[in-house]
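I have placed the structure first, in the form of structure tokens, so that the comments after it can refer back to it.
Source: prediction; values computed, not measured.
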Amino acid sequence: MVANMTETQTRLAKVWAKILPNRSARMFVPESNFFEEGGHSILAQQLFFLIRNEWKDIDLPVSVIFRSQTLETLAAEIDRALDPIGLRLDAMPLPGDADEGDEAYAADARDLASQLPESIPRAENFDYTKISPTVLLTGATGFLGSYILRELLDGPAKANVIAHVRAKDAASGLARIESVTKAYGLWSPSWQSRISVVVGDITKPSLGVSKDSWERLSQEVDLIVHNGAQVNWVLPYSSMRAANVLSTLDCIRLCTVGKPKRLAFISSTATLEKDYYIQNEVLETDNLENSRKGLGSGKSMFAWYLIYVDGDYA
């Protein structure tokens, strides 16, 4: 245990240790984040009941776990609930509430859009019948990514695929792809000669790839298929920003260096989950300003952000 943790933080860390899949030393520091340590929406429900059992005299809404994700902030919510003077504080707006979330993703879009390059070179039309393209695919080890991989390799393009995989090295990344696609009944031994792996992490700057790998990708890749994402319907925009928004900005930046590239962004119709779009015809020229506020999930918000910035990078 860390000596400077409060009694509530220490007790809460022990509760986390009962349900989180991977117990580690990071779990016992105030800045530890429940969801970054392996928590998800189902485990959050379990955590809620364990907290109610550990502190029998408090009355907290389950939403507080999603609003206050670190050991420090959640313990502070528990302390406030234990204080009779603070019993009504759960009704006060907290970081991650709807209004603040609206402002977060809407303002963030304008700020990040201003950081994009002033011009982005357009890739020339590519004749796939003559030369097989080289494609960088993110999210290749997921369900959808596995089928995209098969289409790229077995479809008309007969592409060469560089799969972006979170792994300790390229060999283990390739083994992971083979294992996942075999589980879905998709794997073909003929793919091995046309698949390579670049190790990275979409939550990190420059997709988490090394400087040398970034340079190689900039010179070799013809098309980026950005399918990788953190998908969670309850986490706020701030928790998904790095994996979903900043990674896509990195893909756009990769298109601007070295060889001109096309970008295919795997998005969501969740950006249209507003009454305006349900009641009106949606045109390609719409700028999606009517989804500037009111989207209820981090997934919807990041999809709105990318289309808002401008989907015309493909």
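The neighbour count for F49 CZ, taken as heavy atoms of other residues, nucleotides or ligands under 6.0 Å away, does not exceed 12. Other residues, nucleotides and ligands contribute over 12 non-hydrogen atoms within 6.0 Å of the CZ atom of R253. Within 6.0 Å of CD on E7 lie no more than 12 heavy atoms contributed by other residues, nucleotides or ligands.
Nearest approach of T203 to A242, heavy atoms of both residues: O-CB, 3.8 Å. Here the closest heavy-atom approach between residue L71 and residue A13 is recorded as CD1-N, 3.7 Å. For the pair R216 and V198, the tightest heavy-atom approach, listed with the atom from each and the gap, is NH2-CB, 4.2 Å. A170 and V199 make their closest contact through N-CG2, 3.5 Å (heavy atoms, listed as atom of the first residue, atom of the second, distance). Residue R52 comes nearest to I58 through the heavy atom pair NE-O, 3.7 Å, listed as atom of the first residue, atom of the second, then distance. Contact detail for D250 and S206: the closest heavy-atom pair is OD2-N, 3.0 Å.
Separating the CZ atom in R80 from the CG atom in L60 is a distance of 9.5 Å, to the nearest 0.5 Å. We find the CD-CD1 distance between E178 and I195 to be 9.0 Å, quoted to the nearest 0.5 Å. One finds the CD1 atom of I202 at 8.0 Å from the OG1 atom of T248 (value rounded to the nearest 0.5 Å). Here the CD atom belonging to Q45 is positioned 10.0 Å from the CG atom belonging to L43, to the nearest 0.5 angstrom. For the atom pair OG1 (T10) and CG (N4), the distance works out to 9.0 Å, reported to the nearest 0.5 Å. Note that SG of C255 is 4.0 Å distant from CD1 of I224, once rounded to the nearest 0.5 Å.
S68 places no side-chain N or O within 3.5 Å of a backbone atom of I65 that could act as its donor or acceptor partner. S114 places a side-chain N or O within 3.5 Å of a backbone atom of D111 that can act as its donor or acceptor partner. A side-chain donor-acceptor contact under 3.5 Å links R194 to the backbone of A159. Under the 3.5 Å distance criterion, the side-chain polar atoms of K261 are matched with a main-chain donor or acceptor of L254. A donor-acceptor pair under 3.5 Å links the side-chain atoms of N244 to the main chain of Q230, judged by distance alone. Side-chain atoms of N227 do not come within 3.5 Å of backbone N or O of I266 as any donor-acceptor pair.
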Under the criterion side chain to side chain contact (heavy atoms under 4.5 Å, CB included), I'd like the reasoning laid out for S32 against W16: C-alpha separation, chi angles, the key distance, then a yes or no.
CA-CA 10 Å; S32 178; W16 284 19; 3.5 Å; yes
Side chain to side chain contact (heavy atoms under 4.5 Å, CB included) between R150 and Y184, intermediate numbers included:
CA-CA 11 Å; R150 181 181 69 171; Y184 294 135; over 6 Å; no
Would you sort out whether I252 and F265 count as a side chain to side chain contact (heavy atoms under 4.5 Å, CB included), showing the intermediate values?
CA-CA 10 Å; I252 294 172; F265 173 64; over 6 Å; no
What verdict does the side chain to side chain contact (heavy atoms under 4.5 Å, CB included) test give for S218 and E215, after you've listed the backbone C-alpha separation in whole Å, the side-chain angles of each residue and the deciding distance to 0.1 Å?
CA-CA 5 Å; S218 74; E215 176 63 24; 3.9 Å; yes
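Using a 4.5 Å cut-off on side-chain heavy atoms (C-beta onward), L12 and F34 make no contact. Looking at heavy atoms from C-beta onward, V15 lies out of side-chain contact with R11 at the 4.5 angstrom threshold. Residues Q115 and L249 form no side-chain contact, since every pair of their non-hydrogen atoms from C-beta on lies 4.5 Å or further apart. By the 4.5 Å heavy-atom criterion applied to side chains, R241 and L112 are counted as neighbours. Under the 4.5 Å side-chain criterion, counting only non-hydrogen atoms from C-beta, W191 is in contact with T181. Side-chain contact between P30 and M5 is present, with at least one heavy-atom pair separated by less than 4.5 Å. At a threshold of 4.5 Å between non-hydrogen side-chain atoms, the residues T70 and E31 do not count as touching. With contacts defined as side-chain heavy-atom distances shorter than 4.5 Å, the pair L223/P133 does not qualify.
Under the rule for a side-chain hydrogen bond (donor to acceptor under 3.5 Å, both in side chains), the partners of S188 that lie at least two apart in sequence or sit in another chain are S190. With sequence neighbours excluded, the residues satisfying side chain to side chain contact (heavy atoms under 4.5 Å, CB included) with S132 are K158, N160.
Side-chain polar atoms of D169 and S172 form a donor-acceptor pair below 3.5 angstrom. There is no side-chain donor-acceptor pair under 3.5 Å between S210 and D212.
Residue I51 is tested with I78, V64, V62 for a side chain to side chain contact (heavy atoms under 4.5 Å, CB included); the sole match is I78. When each of L217, D222, V209 is tested with L136 by the rule side chain to side chain contact (heavy atoms under 4.5 Å, CB included), just one qualifies, namely L217.
The stretch residues 136-149 participates, sequence neighbours left out, in these side-chain hydrogen bond (donor to acceptor under 3.5 Å, both in side chains) pairs: T138-H226, T141-R176.
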